[in-house]
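Written below as structure tokens is the structure these notes are about.
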Amino acid sequence: MDKKPGVPYVFYNWGPCLIRIKISEGFQQRLLKEAWASRKESLTMNKKLAGIIKEEYSFRNHGMFIPEFRDIFDLYHHAYKNYKRQPADEKDVPPKYLLRALWVNFQGPNEFNPPHDHSDALSFVTYLQIPDELKKENKAYIGKSAGPGGIQFLYGAGSDRKYISYQSHFPEERDMFIFPASLAHYVAPFRSDCTRISVSGNIADSVPLNTLPKDVAFEQAKDQDAVKPKVEDGSKR
């Protein structure tokens, strides 16, 4: 499989285009710092999310992470082209991605996310902190799924065992999963007395993903409060 130089990703050969990458430690620390700063009652997201999680907060400043997300979603575009068996060339330009929402989950014992999907075109989840207590609990698990704290992706009816309709993974710190927003997924609960921190977001595009326009670049949604970054159209990365 052809991969973008310098940034490895895992390609799952099934229905939707689901990829996993590893973000840098620097990006992880920047997200963590802003996640803690956004832990305010005024930014709570509980009424807008499906999670049975007490502490879910919108980020104060979405725009400060636009450069990193731009490069990450350029990478998703590259993976999507390979998924479609249409490898990107030097003239290929990713769609115009719009960051619609960015929030942090402080997940504690017995909390979970039920099966759900998201709005817009793409969604992602990035794992910033996975305590040792949770790792030990998951290692002791005996079963066929990813176990306590695992994330599951569901596609199709799943009644025929010959089809790949299910992906189950226990994430590591700095793992980032990117997937179509319509893909159903859920997060299993855990019992350990600890807090796992993850960041999720929704990405819209100006046109359907399968159109893949040639003349647009990443920018921030106009209805957000953060400062709009300066990104030149058609720039190569």
Side-chain angles (χ1 to χ4, degrees), residues 4 7 9 16-21 23-24 27-28 30-31 34-35 37-38 43-51 56-84 86 88 91-105 113 116-128 153 175-185 198-237:
K4 186 174 181 179
V7 187
Y9 59 81
C17 183
L18 165 68
I19 73 169
R20 185 188 75 218
I21 66 170
I23 66 171
S24 69
F27 190 27
Q28 173 196 23
R30 291 183 66 226
L31 285 169
E34 187 62 18
S38 300
L43 296 174
T44 185
M45 287 279 286
N46 297 82
K47 292 183 179 181
K48 298 180 180 180
L49 300 173
E56 300 172 303
Y57 305 97
S58 175
F59 268 57
R60 302 178 308 170
N61 185 353
H62 298 179
M64 64 186 296
F65 303 112
I66 292 293
E68 289 92 344
F69 283 128
R70 179 192 63 224
D71 291 340
I72 287 170
F73 286 96
D74 281 359
L75 173 64
Y76 183 88
H77 169 73
H78 184 272
Y80 181 77
K81 293 285 285 187
N82 279 333
Y83 160 80
K84 294 286 288 184
Q86 299 172 350
K91 297 180 180 180
D92 191 65
V93 177
K96 181 186 291 184
Y97 292 120
L98 308 173
L99 181 59
R100 291 291 191 185
L102 186 68
W103 67 92
V104 57
N105 306 293
N113 254 311
H116 67 287
D117 58 15
H118 292 194
S119 60
D120 297 315
L122 298 174
S123 293
F124 63 87
V125 57
T126 307
Y127 294 89
L128 304 181
F153 298 93
D175 275 355
M176 182 178 188
F177 292 87
I178 309 171
F179 49 94
S182 60
L183 178 61
H185 55 285
S198 62
V199 169
S200 296
N202 291 335
I203 301 292
D205 59 358
S206 59
V207 295
L209 282 174
N210 59 3
T211 304
L212 301 173
K214 302 291 185 180
D215 58 349
V216 291
F218 189 103
E219 69 177 20
Q220 187 176 352
K222 295 180 180 179
D223 58 351
Q224 294 177 352
D225 295 330
V227 177
K228 182 177 179 181
K230 295 180 180 179
V231 180
E232 294 181 359
D233 289 349
S235 61
K236 294 184 179 180
R237 286 174 277 275

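None of the values given here were measured: they were computed from a predicted structure.
Put simply, the side chain of Met176 does not reach to within 4.5 Å of the side chain of Arg20, judged on heavy atoms. Side-chain contact check for Val199 versus Phe59: some heavy-atom pair is nearer than 4.5 Å. Taking 4.5 Å as the limit, some side-chain heavy atom of Phe27 sits within range of a side-chain heavy atom of Phe65. Contact check for Leu122 versus Phe179: no side-chain heavy atoms found under the 4.5 Å cut-off. Contact of the Leu18 side chain with the Ile178 side chain is not registered, since no non-hydrogen atoms from C-beta on lie closer than 4.5 Å. Using a 4.5 Å heavy-atom threshold, the side chains of Arg100 and Leu98 count as touching. Here the side chains of Leu128 and Leu31 are in contact, with some heavy-atom distance below 4.5 Å. The shortest side-chain heavy-atom distance between Phe124 and Leu102 falls under the 4.5 Å cut-off.
Put simply, OH on Tyr80 and CG on Asn82 are 12.5 Å apart, with the number rounded to the nearest 0.5 Å. Interatomic distance, NZ of Lys84 versus SG of Cys17, reported as 10.0 Å (0.5 Å rounding). Distance OH/Tyr57 to OG/Ser38: 10.5 Å, rounded to 0.5 Å. Note that the CG atom of Asp175 and the CD1 atom of Ile23 stand 9.0 Å from one another [nearest 0.5 Å]. We find the CG-CD distance between Asn61 and Glu34 to be 6.0 Å, quoted to the nearest 0.5 Å.
Between Phe69 and Tyr97, the gap from one ring centroid to the other reaches at least 6.0 Å. A centroid separation of less than 6.0 Å is found between the aromatic rings of Phe153 and Phe177.
Under the 3.5 Å distance criterion, the side-chain polar atoms of Ser58 are left unmatched by any main-chain donor or acceptor of Met45. Distance alone, capped at 3.5 Å, places no donor-acceptor pair between the His62 side chain and the Arg60 backbone.
Listed here is the closest heavy atom pair of Ala79 and Ile19: CB-CG2, 3.7 Å. Here the shortest heavy-atom pairing between Gly51 and Asn113 reads CA-OD1, 2.8 Å.
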Exercise. Could you walk me through whether Asp117 and Ser182 pass the side-chain hydrogen bond (donor to acceptor under 3.5 Å, both in side chains) test, one step at a time?
Key: CA-CA 5 Å; Asp117 58 15; Ser182 60; over 6 Å; no

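With sequence neighbours left out, the salt bridge (charged side-chain N to carboxylate O under 4.0 Å, His left out) criterion links Glu56 to no other residue. Contacts of Asn202 classified as side-chain hydrogen bond (donor to acceptor under 3.5 Å, both in side chains), with partners at least two apart in sequence or in another chain: His118, Ser123.
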